[in-house]
J.: 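Below are the structure tokens for one structure; questions will follow.
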Amino acid sequence: MAVVSTSLTGTGSQLSGHFSGQRKSFLNLDNSNSTHSFFQNVDSHLRLSSSRKGCRGVVTMAGSGKFFVGGNWKCNGTKDSISKLVSDLNSATLESDVDVIVAPPFVYLDQVKNTLIERIEIAAQNCWTGKSGAFTGEISVEQLKDLGCKWVILGHSERRHILGENNEFIGKKAAYALSQNLGVIACIGELLEEREAGKTFDICFQQMKAFADAVPSWDDIVIAYEPVWAIGTGKVATPEQAQEVHVAVRDWLSKNVTAEVASKTRIIYGGSVNGGNCAELAKKEDIDGFLVGGASLKGPEFATIINSVTSKKVAA
């Protein structure tokens, strides 16, 4: 298998050949100093500054290394608008080497499952921490699977910061979902004030630890880095900002889980991703896909984001 070396320091780095997601080696961030040292200068554009340099190789592989794009429809839609969105997705031309999921509101899961092409899998936006029972308003993993869900989004910032879910509670949800063979899109990310205080890595690592302490395996987990200040605001982390956090999270996995998990786990970006910025973001080596909010409610634009996988490829 060919190994491609891609610099982390340039802004125009591209992969040669097909994107795979399997890493042979990756940047080793030095833990001897406080993680705050990575935030030497946070300028008016919210850019992280790091003096670390390095490169990682990518080994071509199949299966778990596919680009991954999820559409989080949140609390949006009606039967009619979702029918139109499903129709647009069914007629779209999508690149084949991408795992695609959509997460409709609970009340429309069955409608979407019964009308959407099988090429696109169904996810839920939340689940309970255990089996069905006397938990008014909650949805169990068993019920989600009964409807045909393959994934669930957990730890989204709106659940954390609006509804008050803490790291431990989110970890319990993830552990139970995985124990029942439901894949987890595990969301992490920092608030604006946390970024400006130089705490981005600290916050992301704390959230990662809560998942690591709870989950039985990382085989069916996709990590979604979503800086809270970029969600629904129109502000987007630059490709360099996103890459720096993604590679730091991968390094954390290597040191605190295993190098194999770090190599195989897909880390996707979310935060005002749209058809205009997805290609440049997708070029970064450690951005393995996207979790999309508002733009996923527009079929043609969501298709453009899915097809941004082509930015991972250059002529051999």
Side-chain angles (χ1 to χ4, degrees), residues 20-22 61-73 96-135 137-156 159 165 167-188 207-225 249-250 253 256-258 260-268 270 288-291 296:
S20 69
Q22 173 72 45
M61 63 169 286
S64 67
K66 276 188 177 181
F67 204 67
F68 187 104
V69 177
N72 181 7
W73 296 357
S96 60
D97 52 346
V98 184
D99 286 335
V100 184
I101 66 99
V102 293
F106 289 122
V107 292
Y108 301 120
L109 281 171
D110 206 37
Q111 175 188 347
V112 174
K113 176 61 180 174
N114 290 331
T115 56
L116 188 63
I117 55 174
E118 291 185 3
R119 163 80 176 80
I120 302 176
E121 294 185 334
I122 307 300
Q125 298 177 20
N126 188 32
C127 69
W128 181 236
T129 59
K131 293 182 179 179
S132 303
F135 308 107
E138 287 295 337
I139 309 293
S140 72
V141 170
E142 290 80 4
Q143 290 167 332
L144 295 176
K145 292 184 66 178
D146 189 42
L147 289 177
C149 287
K150 302 293 185 182
W151 296 87
V152 62
I153 299 171
L154 297 175
H156 194 281
R159 303 292 306 184
E165 294 186 2
N167 288 341
E168 182 181 7
F169 185 61
I170 295 164
K172 288 180 180 178
K173 289 183 179 185
Y176 188 74
L178 291 167
S179 75
Q180 301 302 307
N181 300 311
L182 189 66
V184 170
I185 301 169
C187 299
I188 62 172
Q207 294 168 349
M208 287 291 298
K209 185 177 186 302
F211 285 114
D213 288 346
V215 301
S217 167
W218 289 83
D219 289 345
D220 297 310
I221 297 178
V222 171
I223 298 168
Y225 168 58
V249 169
R250 200 176 302 283
L253 283 171
N256 295 277
V257 186
T258 68
E260 181 182 9
V261 166
S263 177
K264 293 172 63 176
T265 299
R266 289 174 287 186
I267 306 174
I268 63 178
D288 301 332
F290 303 109
L291 184 57
S296 70

J.: Taking the side chain as every heavy atom from C-beta outward, state whether Ile170 and Glu165 have any atom pair closer than 4.5 Å.
T.: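 Heavy-atom side-chain distance check passes, below 4.5 Å.
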J.: Measure from the side-chain N and O atoms of Arg159 to the backbone N and O of Leu154, and report whether any donor-acceptor pair falls under 3.5 Å.
T.: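 No.
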J.: Please round to the nearest 0.5 Å and tell me the distance separating atom NZ of Lys131 and atom CD of Gln143.
T.: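 Taking NZ in Lys131 and CD in Gln143, the distance rounds to 13.5 Å.
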J.: Taking Gln125 for the side chain and Val152 for the main chain, is one N or O donor matched with an acceptor at less than 3.5 Å?
T.: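 No; zero donor-acceptor contacts below 3.5 Å.
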J.: Please report the interatomic distance CD1(Ile267) to CG(Asp288), rounded to the nearest 0.5 Å.
T.: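 That separation rounds to 6.5 Å.
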J.: OG1 of Thr265 to CG of Leu253: how many Å apart, nearest 0.5 Å?
T.: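 One finds 5.5 Å between OG1 of Thr265 and CG of Leu253.
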J.: State, yes or no, whether a side-chain contact exists between Ile221 and Val261 at a heavy-atom distance under 4.5 Å.
T.: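 No - every pair of side-chain heavy atoms lies 4.5 Å or more apart.
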J.: Is it true that a side-chain atom of Gln111 and a backbone atom of Tyr108 form a donor plus acceptor pair closer than 3.5 Å?
T.: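 Pair absent, no side-chain N/O of Gln111 close to backbone of Tyr108.
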J.: In the structure I gave you, are the side-chain heavy atoms of Ile223 and Trp218 within less than 4.5 Å of one another anywhere?
T.: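 With C-beta onward as the side chain, the pair touches.
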J.: On a heavy-atom basis, which atom in Gly71 and which in Ser296 lie closest, and how many Å separate them?
T.: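 The answer is CA-CB, 3.5 Å.
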J.: Looking at Ala103 and Ile153, what are the two nearest heavy atoms and their distance?
T.: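 Distance-wise, the nearest heavy atoms are CB-CD1, 3.7 Å.
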J.: State the CG-CZ distance between Leu291 and Phe68, to the nearest 0.5 angstrom.
T.: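 It comes to 8.0 Å.
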J.: Show the nearest heavy-atom pair for residues Cys187 and Phe211, with the distance to one decimal.
T.: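 In terms of heavy atoms, the two residues are closest at O-CE1, 3.9 Å.
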J.: Measure the shortest side-chain to side-chain distance between Val98 and Arg119 over non-hydrogen atoms and say whether it is less than 4.5 angstrom.
T.: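 Yes, close enough: below the 4.5 Å cut-off.
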J.: Heavy atoms, side chains only, cut-off 4.5 Å: are Asn126 and Glu138 in contact?
T.: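 Yes, their side chains come closer than 4.5 Å.
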J.: Hey, does Lys209 have a side-chain heavy atom less than 4.5 Å from the side chain of Asn167?
T.: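 Result no, sub-4.5 Å side-chain heavy-atom pair not found.
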J.: So how far is it from Arg250 CZ to Arg266 CZ, rounded to the nearest 0.5 Å?
T.: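 The CZ atom of Arg250 sits 11.0 Å away from the CZ atom of Arg266.
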J.: At what distance, to the nearest 0.5 angstrom, does CZ of Phe106 lie from SG of Cys149?
T.: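 Nearest 0.5 Å value for the CZ-SG distance: 8.0 Å.
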J.: Between Ile101 and Trp151, which heavy-atom pair has the shortest distance, and what is it?
T.: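 Looks like CG2-CD1, 3.5 Å.
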J.: Compare all side-chain heavy atoms of Asp97 with those of Phe67 and state whether any distance is below 4.5 angstrom.
T.: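 Not in contact.
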J.: Using salt bridge (charged side-chain N to carboxylate O under 4.0 Å, His left out), reason through Lys150 and Asp99 one step at a time and then give a plain yes or no.
T.: CA-CA 12 Å; Lys150 302 293 185 182; Asp99 286 335; over 6 Å; no
J.: Return a table of donor-acceptor pairs under 3.5 angstrom between the side chains of residues 174-185 and protein atoms on other chains or two or more places apart.
T.:
unit_1 : atom_1 : unit_2 : atom_2 : d
Tyr176 : OH     : Glu142 : OE2    : 2.3
Ser179 : OG     : Tyr176 : O      : 2.7

